[in-house]
Amino acid sequence: MQSPVAKDWVTNGGNMTNQRYSTLKQIDTSNVKQLKGAWMTRLKGSGVGGKYSFEATPLVKDGIMYIVTGNDDVFALNAKTGEMLWERWSGIDQKLTSVCCGWDNRGLAMGEGMLFLGQLDANVVALDLKTGKELWKTPIEVWQDGYGITSAPLYYDGIVYSGITGGEYGVRGRLTALDAKTGKILWRWYTLPAPGDVGGDSWPAGTDHYMHGGATIWNTPALDPQLGLVYFSVGNCGPDYDGSIREGDNLFCASVVALKAKTGEYAWHFQEVHHDIWDYDAASPAVLFDTVINGQPRKGIAQAGRTGWVYILDRTNGKPLVGIEERPVPQEPRQKTAKTQPYPLGDATVPHCAQPMEGFERVGCIFESFWEEPTLVQPSGIGGTNWSPMSYNPDTGFFYVPGTIRTSAFARYGDKYKKGLQYNGGTQAAPIGSTMSGNWTAIAGNTNKIAWQQNVPYRVGSGGGSTTTAGGLVLHGDPSGTIQARDAKTGELLWQFQTGFGAEATPMVYEVDGEQYIAIAAGGNQGVGSGNGDAVWSFSLKGQLTPLWPPPAPAAVAGPESGPIADNAATVNIGANNIEFGYFPKRDRIKAGTAVTFTNAGDTPHTATSFDNGKIGAWDTGTLMPGQSKAITFDKPGNYYYICTPHPWMYGQVIVE
Ligand SMILES: [Cu+2]
């Protein structure tokens with residue numbers, strides 16, 4: 001786990017650095033064009049349905065591959081042939097109400113002859129590596145209270161470290177350490193400090209807001225055995241868009257944190273965004289690397305934030321390695337905005353100012369404040385870099401950063417905490433008609449400056465990230481369904497191959513019997529709307545399989561798109577047909593004076609809320625619990641767009657004639 005990654009890939013990030021750098025170099029810049037599919041295996045329909053994303057990185061050990069789907073089902077495959085060796089179906093409740101952003105599992109951990117996974121129902125589970133048989137199962141929380149797990153755990157030295165989700169449900173985030181042998185909880189470290197703890201004074205005194213402040217952990221920790229520290233990124237504050245009730249910096253939201261790996265004792269932290277009101281999580285995994293700055297060897301750690309910056313720190317103490325300045329930012333007293341925010345020196349990977357759009361009077365750059373009037377800001381509330389991992393190549397000294405280029409219309413509306421329900425306090429939908437795209441950026445680890453940058457048509461910062469190799473390659477998927485290889489030095493696209501499904505997971509690299517393979521899970525991402533599926537592909541120079549047909553293209557423009565229009569549908573179902581985050585029909589043409597009944601046919605609360613550019617909430621169903629309905633009568637001819645405020649990537653349209 002401490003060695004450079006070679007034949008096997010034994011943690012989510014390759015080894016404990018999360019670098020996703022493989023030393024294998026049989027496949028390189030000169031021959032990558034010859035790659036074809038060695039095998040492709042469908043996982044028996046696991047994770048097939050519009051509510052799922054497939055983001056997991058497979059693990060490989062001794063010629064066997066282990067992969068987990070968005071339904072938390074685990075499969076062992078012969079890594080040379082793709083043949084299924086065993087399967088373990090999670091049996092998780094299909095009516096979970098605590099999944100904010102798609103049913104998803106980012107991967108597994110391995111150690112002591114076991115596999116470890118976190119489930120959406122907030123259980124950490126150990127399976128026998130040989131058979132898939134369940135050995136123990138520990139609930140680290142209760143999903144009915146808004147908790148879940150989507151991150152891959154990390155195993156090291158007898159301990160399983162797990163993150164937790166629920167940042168949109170008013171939970172109290174934490175890192176949980178479990179005994180690998182028994183599943184017993186050894187310790188918990190709360191990312192939301194109580195009064196008297198380190199950081200406790202960054203929450204308003206005399207309130208319990210810190211108990212509901214989110215700050216969850218979406219991705220796998222990294223660990224430095226020499227320093228004895230475990231590192232992780234911490235997500236947004238709750239309620240996401242309403243800072244009015246939580247004056248202060250709100251530690252440890254949007255931070256990188258280091259703890260003593262054995263005991264969970266606090267070591268240091270660095271907060272990327274003070275008093276976050278933009279959903280600017282640190283969601284992508286923290287990456288450990290060594291570099292040389294001003295002639296001095298330094299121990300670094302880096303994290304790609306939703307702000308579109310890479311934060312480069314000294315991993316011994318959390319101090320900036322390249323330089324980060326506190327600068328004054330726009331103020332909104334009602335939001336209790338922080339006076340200053342950290343600005344890393346170097347380059348951002350995505351644009352930092354929104355373009356004006358018709359209807360919006362308030363347009364700004366990063367850290368622009370807002371209240372109830374929708375305000376356009378870039379980067380959007382999903383980044384920048386969201387959950388997607390970046391990789392680091394010690395040969396080039398570059399990080400390979402996935403980016404989303406999107407605009408959010410931020411608006412606050414306030415929220416009361418109710419156990420187990422969404423607690424957002426506002427919304428951040430992209431304006432109807434605004435473009436959404438992505439990019440890949442190489443950032444130099446010793447200067448934080450752009451070495452190269454390539455724009456791509458779709459958002460890539462949400463699901464799949466990059467992997468890099470000693471063969472001089474950067475490997476990544478694309479929402480259009482292709483896996484792609486680039487030249488690590490220049491970013492030039494050298495090879496692509498159509499997998500047939502949204503390729504929204506991070507590739508990995510392994511070797512069996514002297515042959516190098518590159519594998520990727522292909523099954524789409526519900527937030528991006530890329531082709532759903534259950535495929536795992538493996539590629540090699542001796543491969544014979546040819547590409548599949550491309551899946552439907554994901555959205556590149558925000559809104560209900562140009563899909564079919566239903567005529568006079570009297571009912572719009574929300575979350576029907578196992579597509580939790582969508583309206584059916586999405587577009588409806590009716591006569592003036594008609595009532596449309598919005599019915600929540602899904603498992604989580606949804607809304608249909610008017611979203612005319614520049615204005616939110618002219619009409620609103622309010623929160624519809626599962627099974628509830630509300631009729632809205634449309635009297636005047638016109639075009640009525642709407643969104644779901646807690647899930648601001650859901651769009652609908654009613655055309656009144
Ligand atoms: Cu919704």
Side-chain angles (χ1 to χ4, degrees), residues 32-33 35-37 40 42 47-48 50 52-57 70 102 104 349-350 380 382-383 385-390 400-406 430 434-441 453-467 473-487 491-508 518-539 545-563 579 581-582 649 651:
V32 68
K33 281 188 179 64
L35 277 187
K36 283 200 182 117
M40 187 272 264
R42 303 289 300 267
V48 172
Y52 293 103
S53 296
F54 198 4
E55 289 182 28
T57 308
D104 190 21
T349 64
V350 299
S380 75
I382 58 166
T385 306
N386 196 351
W387 298 289
S388 303
M390 67 174 179
Y400 301 102
V401 186
T404 287
I405 302 171
R406 175 180 175 267
S434 64
T435 56
M436 305 186 291
S437 65
N439 64 11
W440 288 96
T441 307
Q453 185 165 64
Q454 299 277 342
N455 291 319
V456 290
Y458 305 112
R459 293 168 281 165
V460 292
S462 274
S466 67
T467 297
L473 300 172
V474 176
L475 305 161
H476 61 79
D478 188 79
S480 66
T482 56
I483 177 172
Q484 304 185 350
R486 295 180 185 276
D487 186 319
E492 186 196 344
L493 184 61
L494 301 175
W495 168 77
Q496 58 181 326
F497 184 102
Q498 178 53 251
T499 68
F501 308 93
E504 298 257 25
T506 310
M508 52 78 69
I518 293 168
I520 190 169
N525 179 294
Q526 71 78 31
V528 175
S530 51
N532 178 247
D534 61 350
V536 182
W537 276 91
S538 188
F539 302 89
L545 301 182
T546 51
L548 294 181
W549 292 104
V557 174
E561 305 152 36
S562 51
I579 302 181
F581 306 98
W649 60 98
Y651 293 94

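Just so you know, these numbers use all the heavy atoms, side chains as well, and skip hydrogens, waters and symmetry mates. For this chain, numbers begin at 1 and follow the sequence in order.
In this structure, the separation between CG on Asn525 and OG on Ser530 is 5.0 Å, given to the nearest 0.5 Å. Expressed to the nearest 0.5 Å, how far CG of Asp104 lies from OH of Tyr52 amounts to 11.5 Å. Rounded to the nearest 0.5 angstrom, Ser538 OG and Leu35 CG are separated by 9.5 Å. In this structure, Thr506 OG1 and Trp387 CH2 are separated by 13.5 Å, a value rounded to the nearest 0.5 Å.
Scored by the side-chain hydrogen bond (donor to acceptor under 3.5 Å, both in side chains) test, Thr404 finds no partners at all (sequence neighbours excluded). Residues passing the side chain to side chain contact (heavy atoms under 4.5 Å, CB included) test with Pro560 are Ile432, Lys586, Arg587, Tyr641, Tyr651, Gln653, sequence neighbours excluded. Annotation: side chain to side chain contact (heavy atoms under 4.5 Å, CB included) contacts of Pro402 (sequence neighbours excluded): Thr385, Ser388, Met390, Trp440, Val460. Considering only residues two or more places apart in sequence or on other chains, Ala56 meets the side chain to side chain contact (heavy atoms under 4.5 Å, CB included) condition with Phe54, Ile67, Val68. Every residue two or more places apart in sequence or in another chain that forms a side-chain hydrogen bond (donor to acceptor under 3.5 Å, both in side chains) with Gln453 is listed here: Thr441. Every ring pair (Phe, Tyr, Trp, His ring centres under 6.0 Å) that Phe497 has, sequence neighbours left out, goes to Trp537, Phe539. In this structure Asp478 satisfies the salt bridge (charged side-chain N to carboxylate O under 4.0 Å, His left out) test with no other residue, sequence neighbours excluded. Residues passing the side-chain hydrogen bond (donor to acceptor under 3.5 Å, both in side chains) test with Thr499, sequence neighbours excluded: none. Residues satisfying the side chain to side chain contact (heavy atoms under 4.5 Å, CB included) test with Gln496, not counting sequence neighbours, are Thr482, Gln484, Leu493. By the salt bridge (charged side-chain N to carboxylate O under 4.0 Å, His left out) test, Glu504 pairs with no residue at all, sequence neighbours left out. Applying the side-chain hydrogen bond (donor to acceptor under 3.5 Å, both in side chains) criterion to Trp649, with sequence neighbours excluded, gives Gln526.
When all heavy atoms of Gly463 and Pro389 are compared, the closest pair comes out as O-CD, 3.9 Å. Taking every heavy atom of both residues into account, Asn532 and Phe501 meet most closely at O-CD2, 3.4 Å. Nearest heavy-atom pair, Ala521 versus Ala505, reported as atom, atom and distance to 0.1 Å: O-CB, 3.5 Å. Minimum heavy-atom separation, Lys33 to Leu494: CG-O, 3.3 Å. Residues Leu548 and Gly500 approach most closely at CB-CA, 3.8 Å, considering heavy atoms. For the residue pair Ile520 and Pro507, the shortest heavy atom distance occurs at CD1-CG, 4.0 Å.
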Go through Ile518 and Ile483 one step at a time and tell me if the side-chain contact (heavy atoms from CB on, under 4.5 Å) criterion holds. CA-CA 10 Å; Ile518 293 168; Ile483 177 172; 4.0 Å; yes
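The side-chain hydrogen bond (donor to acceptor under 3.5 Å, both in side chains) contacts involving residues 456-467 comprise Ser391-Ser466, where partners must be two or more places apart or lie in separate chains.
Looking only at distances, a side-chain donor or acceptor of Asn439 sits under 3.5 Å from a matching main-chain atom of Thr349.
When side chains are defined from C-beta on, Asp534 counts as touching Arg42, because their heavy atoms get closer than 4.5 Å.
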